[in-house]
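Here's the structure, in structure tokens; my notes come after.
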Amino acid sequence: MKFGKKSLYSLAVIGATLLAACGNGAAEDSSAQNANGEETVTLKIMTWNNNPEGTKKEQEIFDAFTKEHPNVKIEQVSATYAEYNERVLTMAAGGNLPDLLWVQPAGFGGFVENELVMDLTDHVAELDVEEFQPGVLELGQVDGVQYAMTRDRSTVQIGYNKNMFDEAGIPYPEDDWTMEEFLEIAKKLTVKDGDRTVQFGIENFYLKDLLTAYGTSLLDTETAAIKLDDPQTIKGIAFSQALVNDYNVQPTTAQQEGLSNLFMSGVAAMRMTGPWDWVEYEKNADFEFDVVPLPIGSDKGTQSSAAYLPISINADTEYPEEAWELLEFLTYGGGQDIQAEITSAVPVVNRAADDVLSLAGAPENAQSLVDQLTDGSIVLNTPYHPSVAEVESKITALVETLNLKNTPVEGPLKELAENLRKEFKLD
Amino acid sequence: MELPQEVISTNKKLRSRKKTNMVNRFMIYTALILLSVLFIFPFLWMIFTAFKPENEAIAFPPSILPRVWDWNNYKEVFEIVPFATFYKNSLLVAGLGTFGTVASSSLVAYGFARIKAKGRGFWFALLLSTLMLPPQVTMIPVYVIWSKLGFVDTLVPLILPAFLGNSYYIFLLRQFFRTIPKEVEESAYLDGANTFQIYWRLILPMSRASIITVTLLSFMGFWNDFMTPLIYLHSMEKYTLAIGVMQFQGALTVYWGPMMAASTLMLLPLIVIFFTGQKYFVQGIATQGNKG
Amino acid sequence: MLSKNRTKLFYMFTFPWIAGFLLLTAGPMLYSLYLSFTDSTGFGSPQWIGLENYRKMFAEDPLFWKSMGNTLFYTLLSVPLSLVTGYLLAVLLNAKVRFIGIFRTIFYLPSIVPTVATSLLWTLIFQPNFGIANAILDFFGLPTSMWLLSEQMVKPTLIIMSLWGIGGGMVIYLASLQEVPVSLYEAAELDGASTWHKFWNITVPITSPVIFFQLIMGLIGSLQVFTQAYVVSSGTGGPNYQSMFYVFYLYQQGFRFFNQGYGSALAWVLFVIVLVLTVFIFKFVGKQVYYESGD
């Protein structure tokens, strides 16, 4: 009897496997013959969701490519943004990394160092590089070698609540306003009710973007040398601390805890924002907003950090030619002309720069963003080095502690800089 | 006729027991209600937020009850992602997986609990040790194994391992089985039953509460697990609810309204299942085989 | 019959697990052990570097000690706390009153609500300026706290948050309480036993195998805690690394910084610690467990 039960058990295991395997598509051959006898190729590209509808929208762009190349189908392998690295690591280890993949800038250095992605220099040499907006091609290069193409590049700007400005009688900021002017405006727009601040001048001036506006960065963007103890960097970090603690124009961590969007809720007059936010504001904000480039903090003029999406080709792809065709379409060809309308992605080619003006929710001063795309004020602020993520996390932890306790920054920063140089050999 | 002294004093005791039962009841209800308010709060907040439009969901200061009971988020959930498909996949994975887990884990647990053998201690130590290594470090090698077998982007890696036992539940059931008195089994052997019959006809029915517990917990585990589907499933049609809900977590922002709606929808079946299952937690039934 | 040596039978019953272990678990575990002696980034071919990862860990990595300290602190407090509260809750929910089913479901709920959904709620509750937690303290004239933003309070706050999840353990205790024969209680009552006496001398011993299980699993689980802290601190382990738990650090090394070799080494150090503690508990506490079979 027990043997009977045992075989029943084994049958159940086999049955379950078969049942589950019914949903199996793993053994699919990604190349087959279609009716014309041409080979049909299925390219896989790994993407993440910028918003819930993201995957669907991207597929529209891919379908447009398939219209031009009927023998190439595109399948998205979609991952979540936060767990993207896990996906890449496991798929690379299992040998089934997709043919193309979106890249998170923080991981790019690691991918290149581990030879995960294809060298695209020869392919790019065949393109007319004048088509690209200034600074775009460099975003996909490591040590001068092209390992990724960017399909979407814009930057952060300051978004402001026009109603609040009107009520306080403050004229709207000019595109070339300075850090001092910014501080003055922020102070005027910070309102206290007794002990409590009920309105903040600025919601969040992220440190790295502040440093970019100051013309500096945490690590040198070409050599990855530590610039943490650079006088200009220290000045920027001190200013960032002062915004919160001395001037109170920006909320402390305590005041901000648990709150998702002070700008939208009408509690902050200004916010660091980009074209990806415009749709939300148009939909959900009950005030009028506009944008202006980051204030100037050095003699380099307006400087703000690039917000961009690099795409790479898997070095071991079976279809390098088709993969390049798709990549070219997305970052240089037809894809660039339709992406603004479909997914609100900002084009990187000069001919489509004006599409920004017709993005969903585009404010009156959207032209300032178009200008920035072509005048070279958008810069990289983080080098592509495998240790960057770790170094930055140590710096952030220290800066946060200094801000929380409001202690002077110069000493600790210099000390950390020395330690980082020794530990990561970055000088 | 005079009642014997013991009966009189027992009756007295029973009568006074009835009175303290009233006081006990009141205390119990009070404690339960107070604590319930505390415990149900996260769930209620989740449901309320699901009914709020996005700007109310993130408003400051936060509101508790929605101003208007807006069903829009729920609509969006079904429109934006194939949520019904997610339900189907989750049911498949959780259903088969739970069956496999309960069947295999109880079998193995009985072996560890009652069958003396050389090497039993060794294997048991090994069983426990598999629980001691953080799963993050074996994630990639296990993936490579499934990948070489060709089962990536299928539901197989999610379901098949269930039939090979789950260390946690094996340990749990082993503890439960060892609370059953040996005499029960010994007398069954004397009556001529073999080990499997004892396991199947005697032990399992007597362990109703623990088996139900493992069933419930295992189902919840499969339903809520997102790491395994995340690693193995690539196409949206194969996604389970756990990853489906994460679609509402964009790269830079969380879409709270629809995410809470999706989470609520995901949670509802679990509540029903749990409520049904816990009915079987009634004391005394399990011990019926005990007397004699 | 039960005391005979029945080796073949044993292997027949445990064969599914042993097969699974050999096929799916042993290999990966050994592989990760191997990786711990290499400089693997997760990609490409790892180079053997011997004990370098371990040396660096003990001699040069303050975060290793910090995260270990954080985890031990958390474990020391949360294991006894959740053990006791879970058990008492189960006893309460074992009461034969009407609607007990609804109450049991309510107490179980928080343990199955997804972490990301509740993390926002927690940050709002513990908001230093307008959260309920401080409002309550204020009402009673007690000093308020920065909770999750305070270096001293962040771990205790996380422990409080974890108590909401004792539903799972409660269910297990509830099941074990069913196994206590009602006849024993009745006999004790006739002998004039008090409630405490019944509890301590009947309920606890008979359910001790399951309490023991919860102790071991609670220990193993707490030493691996990290998700809640990760979400609430936005992946930073702050403030000032005070909520950086060991497995959190391990995960960061392995999957954010591409140091798989180092991450594996961290994992195996944890393994050894857990193993030692578990053996210790088996030897000393294990003796106190009462198995009806007298085993």
Side-chain angles (χ1 to χ4, degrees), chain A residues 2-3 5-6 9-10 13 80 82-93 97 104 106-107 109-117 195-197 251-260 315 386-394 396-405 419 422-424, chain C residues 9 12-13 15-16 19-20 31 40-45 56 60-63 66 116 119-131 134 144-151 230-242 244 249 251-260 262-263:
Chain A
K2 69 177 155 213
F3 293 97
K5 293 289 182 188
K6 281 271 180 266
Y9 183 75
S10 329
V13 177
T80 50
E83 283 84 21
Y84 199 70
N85 278 358
E86 277 93 300
R87 274 303 203 85
V88 176
L89 274 171
T90 51
M91 292 179 89
L97 200 60
Q104 290 180 359
F111 294 171
V112 169
E113 208 199 22
N114 287 286
E115 292 166 11
L116 220 60
V117 292
D195 237 0
R196 264 183 30 146
T197 313
T252 64
T253 340
Q255 286 167 315
Q256 200 170 45
E257 175 93 342
L259 300 174
S260 313
S387 309
V388 162
E390 209 173 338
V391 167
E392 284 191 351
S393 91
K394 290 195 156 77
T396 318
L398 177 65
V399 171
E400 266 175 28
T401 313
L402 292 174
N403 284 351
L404 217 63
K405 302 195 184 141
N419 294 342
K422 272 200 301 232
E423 189 183 338
F424 294 95
Chain C
L9 204 60
M12 288 180 83
F13 268 80
F15 134 83
Y31 183 70
S40 170
T41 55
F43 304 109
S45 354
K56 184 173 149 216
E60 285 175 10
D61 191 355
L63 271 184
K66 185 100 200 86
V116 71
S119 64
L120 183 64
L121 176 64
W122 286 119
T123 48
L124 285 172
I125 290 180
F126 288 112
Q127 230 283 354
N129 293 339
F130 58 81
N134 273 348
T144 59
S145 161
M146 295 278 276
W147 302 107
L148 293 166
L149 296 172
S150 144
E151 289 191 34
Y230 181 80
V231 174
V232 151
S233 71
S234 310
T236 61
N240 203 16
Y241 296 120
Q242 294 290 33
M244 173 71 85
Y249 183 51
Y251 170 81
Q252 199 187 44
Q253 285 291 324
F255 290 96
R256 295 263 168 266
F257 303 153
F258 298 128
N259 291 337
Q260 285 275 322
Y262 192 62

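Throughout, a chain's letter reflects where its sequence line sits, starting with A, and its residues are numbered from 1. Computation of the quantities below employed the complete heavy-atom set of this structure, encompassing side-chain atoms and omitting hydrogens, waters and symmetry-equivalent molecules. All of these numbers come straight from a predicted model, not from anything done at the bench.
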request  = Please lay out, stage by stage, how A/E390 and C/Q253 fare under the test side-chain contact (heavy atoms from CB on, under 4.5 Å).
outcome  = CA-CA 8 Å; A/E390 209 173 338; C/Q253 285 291 324; 3.3 Å; yes
message = With rounding to the nearest 0.5 angstrom, report the CG to CG distance, A/D195 to C/N129.
response = 10.5 Å
request  = Can you tell which part of C/E60 gets under 4.5 Å to a heavy atom of chain A, answering side chain, backbone, both or neither?
outcome  = neither
request  = With a 4.5 angstrom heavy-atom cut-off, could you sort out which part of A/A254 is near chain C: side chain, backbone, both or neither?
outcome  = both
message = If you count heavy-atom pairs within less than 4.5 Å of chain A, which of C/P128, C/S119, C/G237, C/S45 leads?
response = C/P128
note = Cut-off 4.5 Å, heavy atoms of chain A, and the answer for C/Y251 is side chain
query = Top residue by heavy-atom pair count (under 4.5 Å) with chain C, among A/V388, A/T90, A/N85?
reply = A/N85
request  = Please confirm whether the backbone N or O of A/T401 pairs with a side-chain atom of C/N240, one donor and one acceptor, at under 3.5 Å?
outcome  = no
For residues 109-117 of chain A, dump all side-chain donor-acceptor pairs below 3.5 Å to protein atoms at least two apart in sequence or in another chain.
| unit_1 | atom_1 | unit_2 | atom_2 | d |
| --- | --- | --- | --- | --- |
| A/N114 | OD1 | C/T41 | OG1 | 2.9 |
| A/N114 | ND2 | A/G110 | O | 2.9 |

ask   = Would you say C/E151 and A/L404 make side-chain contact, with heavy atoms under 4.5 Å?
value = no
query = How would you list, by chain and number, every residue that makes a salt bridge (charged side-chain N to carboxylate O under 4.0 Å, His left out) with A/K394, sequence neighbours excluded?
reply = A/E423
ask   = Does the pair C/Q127 and A/Q256 meet the rule for a side-chain contact (heavy atoms from CB on, under 4.5 Å), with working shown?
value = CA-CA 9 Å; C/Q127 230 283 354; A/Q256 200 170 45; over 6 Å; no
task = Measure C/Y241 against the heavy atoms of chain A and call it side chain, backbone, both or neither at under 4.5 Å.
result = side chain
query = Roughly how far, to the nearest 0.5 Å, is CE of C/M146 from OG1 of A/T253?
reply = 7.0 Å
remark   = One should read off an interatomic distance between A/S393 OG and C/Q252 CD, to the nearest 0.5 angstrom, of 5.0 Å
